[in-house]
There are 2 protein chains.
Amino acid sequence: MANALEVVGERWSLLALREVFFGCTRFDQIAANTGASRDVLTVRLKKLVAAGVLEKHQYSEHPPRYEYVLTESGRALHNLMLMLKEWGDEYVTQGPLPLVWQHSCGATLEPRVVCAACGEEATPESLTRAEQVTH
Amino acid sequence: MANALEVVGERWSLLALREVFFGCTRFDQIAANTGASRDVLTVRLKKLVAAGVLEKHQYSEHPPRYEYVLTESGRALHNLMLMLKEWGDEYVTQGPLPLVWQHSCGATLEPRVVCAACGEEATPESLTRAEQVTH
DNA sequence: AATGTGAGTTGGGAAATCAAACTCAGGAGG
DNA sequence: CCTCCTGAGTTTGATTTCCCAACTCACATT
């Protein structure tokens, strides 16, 4: 957790990534939609690129224009963002939700975290420490 | 997401909550295990209590001693923390993982986010915007 | 009486944040 | 050709936060 937070735990990082997920990949859009100040956003995006979460692509040479795209590592943050939104929706946000996801099965998405092996929910009580495993 | 980050998005908040999940519920323990400075930790814990994520219980009157316990809202952060750890393990942490969870089914936990309705994975491609729903 | 512990407070300097203005490269319009 | 506009940052100067070490205060222990 601490390692993950080193990379995406600073203010604006996750909101910037949310914008990229939404297809807002350009600097000015991200700045406008997140509310981050431009200087801080510059630093955050550089850090995310350095960490391999985003890549900076030049999509036009004349004039020089850039966009930020997700790497695999960045795309893998989708689950984290779903849970963050879910918790916020459930316990923080008052009134109507600004966004509701519909799953391809037709239902309104209610995300659940399960064990990949057995499909049962991963609750705090269902977990115990395992012996060290080399990564 | 932004609302959730307002509550748990500041530095040390999630690490403090991790400690409480681990059963380290006392101020000095949390400070030592997270590395947060004591003054900042004081502010964070107060904010988490105010937000209804933690409760401060006095478990001894003479001498006066306190512990922080999770509310339902706090316990609901478990999923978020699992995903944060999972992403860090997968894309940030080098070398052996400091902690591996075993699910009650016997397998090493590999958390997956699925749609509660159909049990299929909730990928970015499987989601579309739904119409507004009152909370 | 002296020392220890838990749970913070306090103080001062370093670092990060903010908003607004500025830069720079390159169109677009007249 | 001259002026205005846009995207993508930089710069600047004024706040806020953060960090760390030392201090407090109420009890307990030796």
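Predicted model only: the values in this text are computed from it and were never measured. Here is how names work: the chains are called A, B, and so on, in the same order as the sequence lines, proteins then strands, and each is numbered from 1.
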Does the side-chain contact (heavy atoms from CB on, under 4.5 Å) test come out yes or no for B:Thr25 and B:Leu70, once each step is laid out?
-> CA-CA 9 Å; B:Thr25 58; B:Leu70 295 162; over 6 Å; no

Carefully, step by step, assess A:Glu67 and A:Lys56 under the rule salt bridge (charged side-chain N to carboxylate O under 4.0 Å, His left out).
-> CA-CA 6 Å; A:Glu67 64 177 347; A:Lys56 187 175 174 176; over 6 Å; no

Given B:Arg129 and A:Val100, is the side-chain contact (heavy atoms from CB on, under 4.5 Å) satisfied, shown in steps?
-> CA-CA 6 Å; B:Arg129 282 165 193 265; A:Val100 175; over 6 Å; no

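Comparing the local axis fitted to the first five base pairs of the helix from C:dA1-D:dT30 to C:dG30-D:dC1 with the one fitted to its last five gives a bend of 10°, rounded to 10°.
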Considering only nitrogen or oxygen atoms on both sides, find all protein atoms under 3.5 Å from nucleotides 14-20 of chain C and state each distance.
unit_1: C:dT17; atom_1: OP1; unit_2: A:Arg44; atom_2: NH2; d: 2.5
unit_1: C:dT17; atom_1: OP2; unit_2: A:Arg44; atom_2: NH2; d: 3.4
unit_1: C:dC18; atom_1: OP1; unit_2: A:Arg11; atom_2: NH1; d: 2.8
unit_1: C:dC18; atom_1: OP2; unit_2: A:Trp12; atom_2: NE1; d: 3.1
unit_1: C:dC18; atom_1: N4; unit_2: A:Asp39; atom_2: OD2; d: 3.2
unit_1: C:dA19; atom_1: N6; unit_2: A:Asp39; atom_2: OD2; d: 2.9

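OP1 or OP2 of C:dG8 has at least one side-chain nitrogen or oxygen of B:Lys56 nearer than 4.0 Å.
Counting heavy atoms from C-beta outward, A:Thr71 and A:Leu54 have side chains that stay 4.5 Å or more apart. In this structure, the side chains of B:Arg75 and A:Pro124 stay at 4.5 Å or more apart for every pair of heavy atoms. With contacts defined as side-chain heavy-atom distances shorter than 4.5 Å, the pair A:Met1/B:Leu14 qualifies. Using a 4.5 Å cut-off on side-chain heavy atoms (C-beta onward), A:Leu127 and B:His103 make contact. Inter-residue side-chain proximity for B:Val113 and B:Asn79 is flagged as unmet; no heavy-atom pair is nearer than 4.5 Å. Using a 4.5 Å heavy-atom threshold, the side chains of B:Tyr91 and A:Val7 count as separate. Counting only heavy atoms from C-beta outward, the side chains of A:Gln102 and A:Leu109 never approach each other to under 4.5 Å. Contact check for A:Thr108 versus A:Trp101: no side-chain heavy atoms found under the 4.5 Å cut-off.
Scanning residues 57-69 of chain B for heavy-atom distances under 4.0 Å to DNA chain D yields B:His62, B:Pro63. DNA chain C is contacted by no residue of residues 13-22 of chain A, taking any non-hydrogen atom closer than 4.0 Å.
Chain A approaches DNA chain D within less than 4.0 angstrom (heavy atoms of the protein), and the contacting nucleotides run 5' to 3' from D:dT6 to D:dT12.
Screening residues 50-72 of chain A for ring-ring contact (aromatic ring centres under 6.0 Å, His included), with sequence neighbours left out, gives no hits.
The minimum heavy-atom distance linking A:Ala31 with A:Arg38 is given by the pair CB-NH1, 4.3 Å.
A salt bridge does not link A:Glu10 with B:Arg11: none of the charged nitrogens is closer than 4.0 Å to a carboxylate oxygen.
Around atom CD of B:Gln58, more than 12 heavy atoms belonging to other residues, nucleotides or ligands sit under 6.0 Å away.
Following rounding to the nearest Å, A:Asp28 (CG) and C:dG26 (C1') show an atom-to-atom distance of 15 Å.
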